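This report concerns only the one structure given below.
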Amino acid sequence: MPRPILATVHSAALRHNLDRARRAALDSRVWAVVKANAYGHGIERVFEAFRAADGFALLDLAEAERVRALGWRGPVLLLEGVFDPRDLELCSRLDLWHTVHCDAQIDMLAAHKTQAPQRVFLKMNSGMNRLGFAPERFRSAWTRLNALPQVDEISLMTHFSDADGERGIAHQVEVFERATQDLPGERSIANSAATLRHAARTRNDWVRPGILLYGGVPDFPEHDAEHWQLQPAMTLATRLIGVQTLKADDTIGYGSSFRAEGPLRIGVAAVGYADGYPRHCSTGTPVLVNGVRTRMVGRVSMDMITVDLTPVPDAGIGAEVTLWGRSSKGALLPIDEVAQAGGTVGYELMCAVAPRVPIAAD
Ligand SMILES: *Cc1c(COP(=O)(O)O)cnc(C)c1O
């Protein structure tokens, strides 16, 4: 028998969350952001649910090829654009739209031989200071692109640093709007947090939600999944493979980091950091056993964790352990809570599920 660990991708939740993005931005078209292999869920596994999106946005050319191989004929956008002049040939062959964020990419386009002009998304650095043209250089980049026979329609995009937090987006929206006010073209500015929190107040021809489609909450813990009506699209579950009964002063696992204050029944679950469960999670991280909330105790090992069975005295070997997502009885454990306990974000946990974990879809 294989190890009992399993990740399950919930198609109904993916559909629900995509619909949620649509309702948050009724006047916008929706890019389903499926970079990083659909945030760890698998492009092929999310494809049917996301067919209802207006396009797929990603950044790996091999992933763009996979979306086309699935039969998708609609828009596909490369969020970081091309990395090499040869990538433009693939853009022509597969009809990929691509971001242009620097002069080197315009140079590549100017040298590209093609019959069919390409659709591009010109990116402004409005304050994130990662990719994009500075606001004062944006217009000249647009003019240069617009003069190229290789270029068809030009859309305008930017990305927010604080859509999920207190600083918000107003300062970047102002920079973006001032520098683009008399330029034609569609606009794309909102990630998940901006779509949920700010979409109603910005012009967005295309929103770009990622994490929300998978049921992750972009502004956790200020808000939770219930607040935004999001459903978890991934469950990571395993089973107990051992039980130990501790006496007062007994310790658990490497480094004896946990010491029992009194008699304590603990379960040993078949999941560890080699499965992608974060090693930074320590005693107190929430976990469900047979759908009942309890806590992890001691350190995360490569292949095992230990959990407090006090709230589930009947649980023994074979009991269901839910690391995040939904138990078979319907109890929820938000990935955001587990991530917070490990000092990270739900994004990282989804993307880090290890190759040795089998994934099913329901
Ligand atoms: C990843 C990404 C998104 C989606 O971000 P979420 O926070 O997951 O919604 C949107 N736009 C760009 C440019 C991205 O790289």
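All values reported here derive from a predicted model rather than from experimental measurement. Scope of the values below: all heavy atoms of this structure, side chains included, with no hydrogens, waters or symmetry mates. Atoms within each ligand, like the ligands themselves, are counted from 1 in listed order.
Every atom of ligand 1 is numbered from 1 in the order shown, and the set under 4.0 Å from a heavy atom of Tyr39 is 1 (C), 4 (C), 5 (O), 6 (P), 8 (O). Close approach to His159 involves these atoms of ligand 1, each under 4.0 Å from a residue heavy atom: 10 (C), 11 (N), 12 (C), 13 (C), 14 (C). For ligand 1, the atoms sitting less than 4.0 Å from at least one non-hydrogen atom of Ile211 are 6 (P), 8 (O), 9 (O), numbered in the order shown with element in parentheses.
With hydrogens left out, the protein atom closest to atom 14 (C) of ligand 1 is Lys35 NZ, 3.0 Å, a heavy atom. Of the protein's non-hydrogen atoms, Tyr347 OH, 2.6 Å is the one closest to atom 7 (O) of ligand 1. Among all non-hydrogen protein atoms, the one lying nearest atom 11 (N) of ligand 1 is Arg208 NE, 2.9 Å.
The shortest non-hydrogen separation linking Asp219 to Arg197 is OD2-NH1, 2.6 Å. Pairing each heavy atom of Gln150 with each of His112, the nearest pair is NE2-O, 3.0 Å.
For Leu79, no nitrogen or oxygen atom sits less than 3.5 Å from a nitrogen or oxygen atom of ligand 1, counting backbone and side chain alike. An N or O contact shorter than 3.5 Å is missing between Lys123 and ligand 1 by distance. Polar contact check, Ser192 against ligand 1: a nitrogen or oxygen pair lies under 3.5 Å apart.
Between Phe56 and Trp72, a ring centre-to-centre spacing shorter than 6.0 Å is recorded.
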Test Thr235 against His10 for side-chain hydrogen bond (donor to acceptor under 3.5 Å, both in side chains), laying out the working first. CA-CA 8 Å; Thr235 292; His10 308 299; 2.7 Å; yes
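Using the six-membered ring where Trp is involved, Tyr214 and Tyr39 have ring planes that are parallel, under 30° apart on the 30 and 60° scheme.
Although no hydrogens or angles enter the test, the distance criterion places no donor-acceptor pair under 3.5 Å between the side chain of Glu63 and the main chain of Ile43. A donor-acceptor contact shorter than 3.5 Å links the side chain of Arg187 to the backbone of Gly185.
For Trp31, the closest heavy-atom approach to ligand 1 does not fall below 4.0 Å.
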